[in-house]
Amino acid sequence: MRLVVNGTPREADVREHESLLTVLRERLGLPGSKNACEQGECGSCSVLVDGELVCSCLVLAAAADGRRVETVEALGSAERPHPVQRAFVEAGAVQCGFCTPGFVVAAAALLRENPEPTDAEIREALAGNICRCTGYGTILDAVRRAARITT
Amino acid sequence: MSLFSYTKPRALSEALRLLRGGATALAGGTDLVTLVRHGVARPERLVDLTGIEGLRGWSREKGKGIRIGALTPLADLETSAQLAKLLPIVRESLRDAATPQIRNVGTVGGNLLQRNRCWYFRDEGVPCWLKGGTRCFAVDGESRYHAVVGAHECWMVSPSDLAPALIACDAEIEVASSLGRRRMKLADLFVAPQGKRRREHALREGELVAAVRVPEGALERRGTYLKAMERKAWSFAIVSVAASARIREGRARDVRVVLGGVAPVPWRVAAAEKQLEGTALDDNACLAAADTLLDGATPLRDNGYKVTLARELVRRALRSLAG
Ligand SMILES: Cc1cc2nc3c(=O)[nH]c(=O)nc-3n(C[C@H](O)[C@H](O)[C@H](O)COP(=O)(O)OP(=O)(O)OC[C@H]3O[C@@H](n4cnc5c(N)ncnc54)[C@H](O)[C@@H]3O)c2cc1C
Ligand code: SF4
Ligand code: FES
Ligand code: FES
């Protein structure tokens, strides 16, 4: 299959039954998207496919053939973090960090479409992501912060 | 995960030919991929319907109501301001359905045809009745989320939020197969598993749902959707109520009340609706109708609370139509 991942055309040999998440993590060396529930409940595998937020654990790799995929790796790196990543760290919204990539992708997707979201809109947009450690208060705070940085 | 082949045809006719040959339809995959991963579904061939032109999107034809393509993502319905004006009940039903990620990918057809969420069903290791075994494990097991009414051998509940809302709008579906097309009431798509029929849907071999149609008349009725959940964010309905009616001079006409989460099918009782005709949807009328709807309910060990909850939710939904 062929994909454009984070702007670069890639090719991967996939088995019919693999998910996009498996392909990203195991075939393309992009472990940023996390693998937790594998049934759409936690959002830690969130990526953008053709610009849309999806759970990559529920997308069949074959069905992603020819699509444009953006993962958390495209947003920023340790040296050059994305404003959303910076805001998460500053707001203390990262504890174990497992859920963070998923939240960051979901929040970045929100801010791309809606640079000044209300709290209700933030909650709504992040409703598909679960954090077992920090309160949602700090995460909300992080997204508000990120909105301020980016606007 | 079991092995299967995968094809993504562009033409509906090609998809129908493959389905006729025994292949399984794949839409957004948000339900099917998990079922396959957990070994509950074991398709040999998948036909991805998302590449087919003409099954995606919705439109209004004057005088003919609304037609929604079966491959339309749930998010497209939920975020459309135009549809929210025409048919607010649809947006209400989708707002708390699943998550933004799943609504972006999950489709209308897939939502209606998703399999049930009984935990024994979803556990590959449990050979329950619906999967060909001899007994239902919910009957004397963990039954918090199971049916209270309308069950026969299997006590699962119909999980879709969209189904009760669309049934309250008198929706029909267009069903296609390589043999032709037929129309049926959406309500008739859902069947309680019973006897030799160990399934939840009435589609025949080789058929797919091509579109949902809502007749013009339903656009003139007021509608509402209420959903009781265990948590605030995504979760399936414990109980939900879709209600619609035409209100003339404070009196209700053409009332529809459909319950989700209480029975193996979206639960509707003609006598309850008839009873509400011409009333002002006052508390007494609403509760009496709720009692008719739940008449004969026989809760299992853990789910008696659903009857109380449904009764109150019906009252609230109907009251809000009046107000
Ligand atoms: C975490 C989570 C929470 C959820 N919460 C809710 C909720 O609160 N409310 C709710 O209503 N739903 C909920 N869902 C279910 C979700 O809405 C469905 O998974 C989704 O709508 C299925 O659509 P799909 O296109 O992905 O279907 P698929 O997974 O592709 O298909 C589902 C089934 O339908 C069949 N099928 C699909 N399209 C057609 C067609 N056109 N004709 C014939 N057969 C077809 C497939 O063969 C398959 O058996 C939840 C799901 C998850 C994972
Ligand atoms: S309710 Fe239905 S699906 Fe669940 S254990 Fe009983 S027979 Fe199986
Ligand atoms: S791993 Fe995909 S949603 Fe949890
Ligand atoms: S920081 Fe640990 S799950 Fe969110």
Whatever's closer than 4.5 Å to a heavy atom in chain A on B:L46 counts as side chain

Can you tell which part of B:D48 gets under 4.5 Å to a heavy atom of chain A, answering side chain, backbone, both or neither?
side chain

Between the side chains of B:E200 and B:N116, is a donor N or O closer than 3.5 angstrom to an acceptor N or O?
yes

Exactly one candidate in B:R42, B:K131, B:H38, B:R37 meets side chain to side chain donor-acceptor pair (under 3.5 Å) with B:E124; the answer is B:R42

Those residues of residues 11-29 of chain B, ordered by number, that approach chain A below 4.5 Å (heavy atom to heavy atom)
B:L26, B:G28, B:G29

State whether the side chain of A:R25 and the backbone N or O of A:P31 hold a donor-acceptor pair below 3.5 Å, judged by distance alone.
yes

Between B:R117 and B:F236, is there a donor-acceptor pair closer than 3.5 Å when you use the side chain of the first and the backbone of the second?
no

For B:R91, which residues count as a side-chain hydrogen bond (donor to acceptor under 3.5 Å, both in side chains) partner, sequence neighbours excluded?
none

In terms of heavy-atom proximity below 4.5 Å to chain B, should A:A109 be classed as side chain, backbone, both, or neither?
neither

Can you see which heavy atom on A:Q85 is nearest to which on A:S77, and at what distance?
OE1-N, 4.4 Å

Name the residue from B:L94, B:D76, B:L162 that meets the side-chain contact (heavy atoms from CB on, under 4.5 Å) definition with B:V108.
B:L162

